[in-house]
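Okay, so here's the structure we're looking at.
Since we're looking at a predicted model, the values are computed, not measured.
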Amino acid sequence: MTIRETQLNDTERVMQLYEDAKLIMRSDGNMHQWTGGYPTLSQLEEDMRLGHSFVVEDNGMLVATFACIIGEDPTYKKIYEGRWIDDTLRYATIHRLASTPDSHGIAKACFDWTKGRIDSIRVDTHRDNRIMHHVLQENGFTRCGIIYLLNGDERIAYQWLK
């Protein structure tokens with residue numbers, strides 16, 4: 001697998017990957033995450049403009065996408081019902097991870113790629129996203145508590161440290 005920055009000609013495929021991910025979530029009972037048109041094309045374009053959007057290619061096929069943002073995430077300033085493992089290190093945040101339904105090992109590849117760039121990673125996911133909770137724990141992330149998105153939605157927060 002190869003990870004590279006998202007290019008303008010990738011946007012249609014990335015938007016399809018978001019739709020694929022929504023279908024995966026719904027089929028697993030996660031009915032409330034990524035609703036109301038989220039993630040939007042404008043969000044993807046902003047991620048690309050800031051250099052935060054990446055795609056995963058496997059045998060020449062674009063099979064996944066994610067945003068990797070190094071630096072402080074405002075929604076992670078306060079954590080409830082727990083605490084961060086380390087609140088002093090600079091960290092990367094992984095957002096908007098999506099793949100094709102038949103892809104395997106995508107999250108691990110994205111996490112490993114990010115782990116090679118920084119010593120701390122934070123991720124959040126919806127309470128009903130059983131697949132992501134499993135993948136995070138399987139990849140060495142520790143459940144730390146609850147954070148709230150800027151729109152007030154609750155998310156379960158995880159952290160990984162080198």
Side-chain angles (χ1 to χ4, degrees), residues 1-7 10-11 14 17-18 20-21 24-25 28 30 33-34 38-40 43-59 61-100 103-162:
M1 283 187 244
T2 305
I3 296 175
R4 63 170 174 78
E5 278 194 49
T6 306
Q7 304 298 314
D10 297 325
T11 56
V14 169
L17 290 168
Y18 290 154
D20 290 348
I24 293 167
M25 286 187 243
D28 193 55
N30 181 358
Q33 188 174 2
W34 288 17
Y38 181 87
T40 63
Q43 177 68 66
L44 172 60
E45 290 169 341
E46 180 71 356
D47 286 344
M48 290 170 58
R49 186 183 70 74
L50 296 171
H52 297 159
S53 183
F54 298 89
V55 293
V56 180
E57 291 180 324
D58 190 13
N59 294 319
M61 299 289 295
L62 203 153
V63 297
T65 185
F66 67 104
C68 177
I69 304 160
I70 295 178
E72 192 172 293
D73 185 317
T75 61
Y76 292 170
K77 280 189 180 280
K78 289 190 177 188
I79 188 166
Y80 303 87
E81 298 180 30
R83 64 181 188 82
W84 296 112
I85 301 167
D86 184 295
D87 203 17
T88 62
L89 289 174
R90 189 166 182 242
Y91 60 90
T93 305
I94 304 292
H95 286 301
R96 295 176 283 288
L97 176 59
S99 68
T100 63
S103 295
H104 301 286
I106 296 297
K108 181 178 180 0
C110 296
F111 296 148
D112 288 349
W113 181 87
T114 306
K115 288 174 181 180
R117 287 159 174 72
I118 198 154
D119 293 340
S120 177
I121 304 171
R122 295 181 185 183
V123 180
D124 65 81
T125 194
H126 193 280
R127 183 176 298 278
D128 294 340
N129 195 337
R130 296 180 312 160
I131 294 169
M132 185 56 83
H133 289 287
H134 173 77
V135 167
L136 288 166
Q137 291 168 2
E138 192 175 73
N139 283 278
F141 286 79
T142 301
R143 185 177 173 152
C144 294
I146 296 171
I147 59 103
Y148 291 91
L149 304 179
L150 296 177
N151 69 3
D153 289 350
E154 175 194 274
R155 294 292 184 262
I156 308 300
Y158 288 81
Q159 185 175 24
W160 170 88
L161 289 180
K162 187 174 245 178

Supply the atom-to-atom distance [X] [atom1] to [Y] [atom2], rounded to the nearest 0.5 angstrom.
X	Y	atom1	atom2	answer
Asn30	Met132	CG	CE	10.5 Å
Arg155	Arg127	CZ	CZ	10.5 Å
Met61	Met1	CE	CE	14.0 Å
Tyr91	Ile69	OH	CD1	10.0 Å
Leu17	Thr100	CG	OG1	7.0 Å

### Task
Run the numbers on Arg122 and Asp87 for salt bridge (charged side-chain N to carboxylate O under 4.0 Å, His left out), then give the verdict.
CA-CA 11 Å; Arg122 295 181 185 183; Asp87 203 17; 3.0 Å; yes
### Task
Give me the one residue out of Val14, Ile3, Val56 that meets side-chain contact (heavy atoms from CB on, under 4.5 Å) with Thr65.
Val14
### Query
Would you say Arg4 has more than 12 foreign heavy atoms packed within less than 6.0 Å of its CZ?
yes
Do [X] and [Y] come close enough that some side-chain heavy atom pair is under 4.5 Å?
X	Y	value
Ile147	Lys78	no
Arg130	Asp28	yes
Ser99	Val63	no
Lys162	Lys115	no
Arg90	Ile70	yes
Leu161	Leu89	yes
Ile146	Ile156	yes

Under a 3.5 Å distance rule, please check whether [X] uses its side chain to pair with a backbone N or O of [Y] as donor and acceptor.
X	Y	answer
Thr6	Ser53	yes
Thr40	Gln43	yes
Gln159	Ile85	yes
Asn129	Thr125	no
Arg83	Ile79	no
Thr114	Cys110	yes

Check the side chains of [Y] and [X] for a donor-acceptor pair under 3.5 angstrom, ignoring hydrogens and angles.
X	Y	result
His95	Asp73	yes
Gln137	His133	no
Asp10	Gln7	no
Asp124	Tyr76	yes
Asp153	Asn151	yes

### Task
Walk me through it: do Lys77 and Glu72 pass the test salt bridge (charged side-chain N to carboxylate O under 4.0 Å, His left out)?
CA-CA 8 Å; Lys77 280 189 180 280; Glu72 192 172 293; 2.5 Å; yes
### Task
Report the residue from Phe111, Trp84, Tyr158 that forms a ring-ring contact (aromatic ring centres under 6.0 Å, His included) with Phe141.
Phe111
### Query
Only one of Tyr38, Phe66, Trp34 forms a ring-ring contact (aromatic ring centres under 6.0 Å, His included) with Tyr18, so which one is it?
Trp34
### Query
Any idea which heavy atoms bring Val123 and Ile121 closest together, and the distance?
CG2-CG2, 4.1 Å
